[in-house]
Amino acid sequence: MSVSIVSTEELIVIDGRSKRTRDRIAFQHHGLEDVDEYYLSISSATYATLVRRPCPHRTQRIISRPLLLCISISLCGIVFGWNPQPSLQQRSSPPRLSPSLQLYLNNHLTTTRRKSSPRHYSLQLCESFQSRELFASDNTEQMSSTEPPIMYQLTQLRDVLTECLKTHDDGVNTTQPIDVLKDMLSLYTSWCFTERPTSQLRFKVGAAIDQAFRMVTSEAFSTPYRLHWVNTGMEALQLQLHSGRFNATTIGGRLISLQQPYNEIPKGTWLKALRALTSKDIISSQFPSSTRSIMALSPRDDLQWITPSNAAFRILQRLVKSKGIRTFQRKNRTQQQQQQQQQSLDERDFNMVLHAYAAHPHTRHMHAAHRVMALQERTVHAPPLSPVAYSIILRAYGQSKDIVNVEMTLLHAQRNGVIPDIVMANTVLDAYVNCGLLDKAQEIFRSMTSNGRLESTDEKGGFWPLLRPNSRTYNTLLKGMAEDGDVHGSMQLSRIMLSEGLWDEITTNTLVKAAVSANEYDLAEDILSNHTISEFSSTLQDHPNVEAYTELLDGYAKDGQLDHSLRVMQLMQKRGVSPNAYTYTCIVGALARSNKIRPARKMINYAANTLSAEGKRVELTPVYNAFISGLLTDNYSTGSTRQSSSHAAIIVEVLEVVQEMQSMNIHPNFVTVALVVDGLGRCSPPRCNEARELVLHLERNASLGVSLSNKKIATALIQAYGRANDVDSAMESFTRIASADVVAFNALLDVCCRCDQVKLALDLFKKHASYDLSDKQKSSVKAKKGQHSILPDVVTYTTLISALLQLKTRAAVKRATSLYSEMKNKLQISPDTILIDTILTAMSSGGPIGYTDDDIKFTLTVLKDGASLEWEKGQYEKRKKAVRGILVGCSSEIWKNDEYAFGLVSDIPDDPLFRKKGWNKMDSGFRLWGGGDDDGDIQLQAEKRSGDSSSVDSFLASKGWNDIDSGFRLI
DNA sequence: GTAGGGTTAG
C-alpha cells in the first residue's frame, strides 16, 4: 500500500486492494482520521476513482478532476461557505419522494452529519457539489445560473443512488437503485406537469436522469457478473424504455416518459447487457433453473421471467431492428450514413448469443441456437454466417454425440458457401471422434490435406479447402485413436507430429492415455520419461503433464496395482510435477476402496497441507467425495481386515467425515450429499428421514447445488424411499426436481415396480416419456408445459419389461413384447446385454409363459439381437443353449424354420439397426427427420437425402433455420 | 469458436 500526497490536485494514492484497517491507519497517519466513509485512489493521471470499500473493481466510479480538487481542499480542512445541501423542507414545491427514500435521506444524511467530524462533513458536501458540476458540465456553462430546481433534487437522488450502488455490494438488497430511479422519474413527471418546461430544459433534465440510469446499468453489467445485479440492470433498462407506459403502482400513477433520445438506450449499454447475459457466470450458474431467470423487458406482461439466453436473444433482435437503440442526430451526416453507423452489426454479437445457447450442456438449447443463426442469415445488414458460427454449433452437436445434426450442419454450411477454416475442420474432426466415427474423421483429414484431395471425387471432398493441420488437428485424431485402443496407430501418428514439430504437452497426455487404456503401462512410463516437460517452473498453474501422470496413476489403481500408483506419486515428486485435485481424488479414492483408510486420510492431510506458492489450497471437496465414495464401496471380495464391518458402521464413519469437512470449512457439495443419501438409503432399514434432513441441513449452500431439487440428490432419495417401500415419498421427491432427467425417472419407475405398482409405472411412462414427434416439437418450442417430457433409454425399457415379465401373465408378456419393439423400431434404441438377459431369463424360467408361438418369436428375436453385442467369453453361447433347450421341449413349431436360419447366420446379424457402429448413442434430433421411418439406417438416409434439397429444406424448417421468431414475439 | 484428467445414476 502506498499513501502519498502527489500534489494539491491529486491528493492521495491508495492501493485499493489493501485492508480497510490499514487504509484507516494510513489516513490517520496523515492526520485524516475518521475517513470511514471514503477511500480515494488515483486510477490514472487524469481520472480518479472514489471507492468506499477495499474492492475497487466493483465500485469504481470515474469522477472528474474538479471533484478531486474539491475533495483535496476539503480534506485539508477548508470549509465552504456555500451550502450545497439545501434542506428538503425549504423547497417551494416539495418533491414527491417515496417514504422509503425520505426515511433513508433523513436517517442517513442527517445522522452521519451529526456524528461526523467537520472534515467528514465537508467530504459529503463536496460530493454534492460534484454532482452539480457533472450535471452542469453536460451542457454549456451559463446554464448553471438558470438551473431549474429539479436539478438539485435529482442531485440529491443521484447521491443516494451512488450510496446504494456502493453499499449493497453483497447483494442484500438490489431493489433500492430501482426505487431511486423510479423516484427520479416520478419527480420528472410532476415537474413536467407543474412547470411545463421547455423542450430544451426537458432535454437537460433527461440527460441527468439518463446519467443515473447509466450508473445503475454499468454497475449491474460489470464483472464479476451476478444474477441479481444483472436483473437490476434489466429492470433499469425496462424502466427507461417504457417509463411512459410503466404502471407505477408503487409510485401511484403513470409516469411521463423521458424525452428523445433518453427514452432509448445507447448501443454500448445494450452490448454490455448482452455480454453479461451470455457470460459463463450467468448462463451456467449452478442455480436451479427457477432462480436462474431474467426479467423480460416487455412492459405488457406483469412480470415475465425468461432464461438469460432468451433475454440475450431479445436484445439481439432489438439491435437488428433498431428498437430502443439510441441514435444521435448529427447534422453533418446524411441519413444513410447514420443508418449505416447504427445498423452496423458485429458478427461477434450474434456469436455471443449463439454460444450462450449452445456451449453449456446443462443449458443447451439448440432449437434456439438455430433461431439465432436464422436471424443473422435473414438480416440484410448483418454479416454472413461465418465458420465461427458453424464451429459453435458443430461443437455442441459433437459434444452431445448427435451425428445426424453434425452432418446436417455441414450440409447447411456447404449450401451457404461457407469456406471452412482450420478451427471448423478441427471441430468437425472432434465431433466425429466424439461420435465414435474415427474413419469419418480420418476421411476429413485426408480431404483437407493435399494427399487425399486428388482421389476424392464426391462433393463433400470439394467442401474442404486445403488446410494445414495443426497440433489440435493431430491431437484430436490421436484422442480418437486412444479411445479406440489403437496404441500403435497413435504411436505412428505421434512420430509424424514429432517430425513436423507439432508435438506438444497435450500430445504426451493423449498418448499416455492411449497406452494406459490398452494396459501398456511400460509404454506409458517410457513416454513420460521422454516427454515430460522439464523446463516448467511456474507455480501459478498445474504442470502441463500432471494429467498424464494422473491418468497413469488412475490406470494402475483401477487395475488393482495400488503400489504402482503410489510409485507414480513419488515419480511425480521427483520430476517436479505437483499433484492436483484430480490426482489426489484418484489416489484417495483408490486407497479408500481398498480399505486402506489410514493411508487415505494421510493422503488427504498431505493434500490439505500442500500449498502452492500462491497460497492456493487444493480443492478438497472432490477429494473428500472420493474418500466417502471409497468408504461406501462394498469390498467384500478381498480378505481385508475391515471386511466384516457393517454398513451401519461405515455410515457412522461417513457422517463423521461430513462433519469433519464442515468443521474445516470444506463445503460438501451435491456429490457429497448424493453419496451420503445413497449410503443412508442402503441401511436396513433405510434411513430416509435422516437423509432428507441432511439435505435440508446443508441446503443453504445453494450455489453448491445441495438441494432437494438437485437431480442427483433427488435420485438417491427416490431410491432410498424405494428401499423403504414408500412410493408416495419417492413420487414427491421426483416432483421436486427442477428438470428431471432419464436417470431420475428410471429410479422412480424402478421404485414403483419394486413396490408392485407396475400399473403406476406404466402410467408414469405414458405421462412423461412421450416421444411422439409432434409433441416433442411443441414442447421444445414452448418448453413451458408443466411436466417435462423425458426421452426414455434402455434402462427405462429394461425396468418396465422386467417388471411386466415378472407378472407372468399373458397380457403382461404381450405388453412387454410391444414395448420391446417400440424401443427398437420407433426409438431406435439398441438393447443391451442386461436387457437381453432379463428377457431371456424371464422367458425361460418356466411357469405359465414362454411357450406360445408369440413367446417363442419374441424370445428368438431377443436372442438374435443379443448376437451382435459384446458378451463375456462364452456367455452368449450359454444363452443360445438355454433357448435351444426351451425350443426342443416346447409344443410350438414355429421356431423350426427360423431357428434353422438363425443357426446358419448367427454371427451376421441381419438387422440393419446393427450395421452402423454408434447409432444407438444418437440424440433425439434424428427423429425430427428420420421420423416414422422404420428403416433404421440413418447414415444411408443422410447420404440419400443430401442431394435432395427439398427434404433438406423441410428439415431446416423443422429446426427453425428459416424461422426468425417462432416462439418469440418481436418486441 | 477447436484438443487432454477425477467424484454420481438402474
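The sequence lines fix the lettering, A, B, ..., with proteins before strands; numbering per chain opens at 1. FYI, side chains are in, hydrogens and waters are out, and symmetry mates aren't considered; it's all heavy atoms of this structure. Since the structure is predicted, the reported quantities are computational estimates derived from the model, not experimental observations.
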When rounded to whole Å, the NZ to P distance for the pair Lys280(A) and dG1(B) reads 12 Å
Has Arg601(A) got its NZ or CZ under 6.0 Å from the middle of the six-membered ring of Phe627(A), at an angle within 45 degrees of the ring axis? no
Mind checking Asp504(A) for me? I need base, sugar-phosphate or nothing, with any heavy atom below 4.0 Å counting as a touch. base
Touch check for Asn470(A), heavy atoms < 4.0 angstrom, all strands: base, sugar-phosphate only, or nothing? nothing
Could you state the atom-to-atom distance from OH of Tyr390(A) to C1' of dG1(B) in whole Å? 14 Å
Would you say Arg395(A) places a side-chain N or O within less than 4.0 Å of OP1 or OP2 belonging to dT2(B)? yes
Counting N and O atoms only, with roles assigned by atom type, does the side chain of His531(A) sit under 3.5 Å from a partner on the main chain of Thr507(A), one being a donor and the other an acceptor? no
Separation of dT2(B) atom P from Ile393(A) atom CD1, nearest Å, is 13 Å
When all nucleic acid strands are considered with a 4.0 Å heavy-atom cut-off, which category describes Thr799(A): base, sugar-phosphate, or nothing? nothing
Can a side-chain donor-acceptor contact be found between Thr672(A) and Asn625(A) if the only test is distance below 3.5 angstrom? yes
If we ignore angles and hydrogens, is there a donor and acceptor under 3.5 Å between the side chains of Glu377(A) and Asn416(A)? yes
Expressed in angstrom and rounded to an integer, what is the separation of Ile392(A) atom CD1 from dT2(B) atom P? 8 Å
So, does Ser565(A) use its side chain to make a donor-acceptor pair with the main chain of Ala557(A) at under 3.5 Å? yes
Any chance you could list the contact pattern along nucleotides 4-9 of chain B? Use B for base contacts, S for sugar-phosphate-only contacts and - for none, protein heavy atoms under 4.0 Å, 5' to 3'. BBBBBB
I'd like to know if the side chain of Glu443(A) pairs up with that of Tyr432(A) as donor and acceptor (distance under 3.5 Å, no hydrogens or angles considered). no
Distance check needed: dT2(B) P versus Asn351(A) CG, whole Å only. 11 Å
